[in-house]
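One structure below.
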Amino acid sequence: MIQFCVFGGQNGRLSTDPYKIYFTVFGGCELQMPTIATQILAMHRARELPHTRRMFFVTIFGSTEIQQPTLVDEYFDAMHAMQSGAIAPTEWDRLAAQLAADDGLRIGSFTLFAGFSSTEMPTEDSELDRIALAYQLGQINDATRQSLMLGVGTRGPQRVGAIRMALSPAYA
């Protein structure tokens, strides 16, 4: 599948398609990686193993940025997937560890007179603001808030561990 962004801007989530090409010409493209739960559900649909998705980005006279989802986004997606029965907690643990080790995605790029950055972490301020907002709205309790705060600024297994710790009271 091919996606174009020409003389404009695009903001959205990366596709979970196994193969995709993104063209950005004279524009800006800000994409968010799919959450771990979304990637696991996509693997179920495609009956594939992790690490088989490939994305290629062509950026000419523009900018492409790929950012990780916030901890709160990861938590809510995982919680909803587990509550609905789409993902068992043990399965989430196993596959999340595999995805955390290698993002579950192969990225290639061609950049000409442009900027390209992949797997940028959300800023600490945006993470803390999102956690505080979810807490103030009553979407998460204090134990979940504290667990998620342990993952701020971390990558890989530490980040997945903070999400799993936040999920633990409901799925111990």
Side-chain angles (χ1 to χ4, degrees), residues 10-18 20 22 29-55 57 64-107 116-172:
Q10 176 181 348
N11 189 348
R13 281 200 177 190
L14 276 178
S15 171
T16 56
D17 293 343
K20 187 139 184 177
Y22 291 86
C29 185
E30 293 181 13
L31 300 167
Q32 187 181 59
M33 291 281 291
T35 62
I36 293 168
T38 302
Q39 292 180 58
I40 291 171
L41 291 172
M43 286 186 282
H44 280 281
R45 283 192 304 271
R47 292 183 178 22
E48 64 186 24
L49 296 173
H51 318 303
T52 59
R53 293 184 350 189
R54 297 185 185 336
M55 304 284 169
F57 296 86
T64 299
E65 181 180 310
I66 303 169
Q67 191 171 46
Q68 294 289 333
T70 65
L71 288 161
V72 172
D73 292 338
E74 290 279 9
Y75 169 78
F76 283 139
D77 276 6
M79 182 184 66
H80 293 148
M82 288 181 197
Q83 284 179 343
S84 70
I87 302 172
T90 55
E91 181 181 30
W92 190 90
D93 290 342
R94 181 178 58 82
L95 293 174
Q98 290 178 4
L99 290 170
D102 192 22
D103 290 334
L105 178 66
R106 299 286 185 240
I107 294 176
F116 180 82
S117 66
S118 65
T119 61
E120 290 291 317
M121 296 297 296
T123 64
E124 275 190 35
D125 287 342
S126 67
E127 288 273 34
L128 294 173
D129 288 347
R130 185 72 174 97
I131 292 170
L133 179 63
Y135 179 68
Q136 289 298 322
L137 292 174
Q139 296 173 327
I140 60 174
N141 60 29
D142 190 51
T144 301
R145 179 183 65 82
Q146 290 178 8
S147 296
L148 290 176
M149 287 181 67
L150 293 173
V152 173
T154 63
R155 290 184 172 270
Q158 294 85 7
R159 191 169 180 85
V160 171
I163 296 162
R164 184 61 173 116
M165 189 183 327
L167 292 166
S168 290
Y171 302 100

* Structure fact -> Rounded to the nearest 0.5 angstrom, the CD-CZ distance for Gln68 and Arg159 is 6.5 Å
* What closest approach, in Å, do Thr154 and Met121 show between heavy atoms, and which atom pair accounts for it? -> O-CE, 2.9 Å
* Asked: Rounded to the nearest 0.5 Å, how far apart are CD of Gln67 and OG of Ser118?
  -> 12.0 Å
* Interatomic distance, Ile36 atom CD1 to Asp73 atom CG [nearest 0.5 angstrom] -> 12.0 Å
* To do: Quick one: closest heavy-atom pair of Ser15 and Met55, and the distance?
  => O-CE, 3.1 Å
* Asked: Going through the distances and angles, do Leu148 and Glu127 end up as a side chain to side chain contact (heavy atoms under 4.5 Å, CB included)?
  -> CA-CA 9 Å; Leu148 290 176; Glu127 288 273 34; over 6 Å; no
* Asked: Atom CG of Asn11 and atom CD of Glu30: how far apart are they, to the nearest 0.5 Å?
  -> 5.5 Å
* To do: Give a yes or no on whether Met165 atom CE has more than 12 heavy-atom contacts from other residues, nucleotides or ligands under 6.0 Å away.
  => yes
* Asked: Which pair of non-hydrogen atoms, one from Pro34 and one from Gln39, has the smallest distance, and what is that distance?
  -> O-NE2, 3.0 Å
* Please name the pair of heavy atoms, one in Ala78 and one in Trp92, separated by the smallest distance, quoted to 0.1 Å. => CB-NE1, 3.7 Å
* Asked: Would a distance-only check, ignoring hydrogens and angles, find a side-chain to backbone donor-acceptor pair under 3.5 Å from Glu74 to Pro69?
  -> no
* Pairwise distance CZ(Arg164) to OH(Tyr75) - rounded to 0.5 angstrom -> 11.0 Å
* Please test Leu71 against Val152 for side chain to side chain contact (heavy atoms under 4.5 Å, CB included), starting from the C-alpha separation and ending with a verdict. => CA-CA 8 Å; Leu71 288 161; Val152 173; 3.9 Å; yes
* Say whether Thr144 and Asn141, considering side chains only, have a donor N or O and an acceptor N or O under 3.5 Å apart. => yes
* To do: Evaluate the criterion side chain to side chain contact (heavy atoms under 4.5 Å, CB included) for residue pair Tyr135 and Val72; output intermediate values, then yes/no.
  => CA-CA 10 Å; Tyr135 179 68; Val72 172; over 6 Å; no
* Taking every non-hydrogen atom, the tightest pair across Gln10 and Leu31 -> NE2-CD2, 3.8 Å
* Interatomic distance, Phe116 atom CZ to Ile66 atom CD1 [nearest 0.5 angstrom] -> 4.0 Å
* Show your working on side chain to side chain contact (heavy atoms under 4.5 Å, CB included) between Leu99 and Ile40 and close with a plain yes or no. => CA-CA 9 Å; Leu99 290 170; Ile40 291 171; 3.9 Å; yes
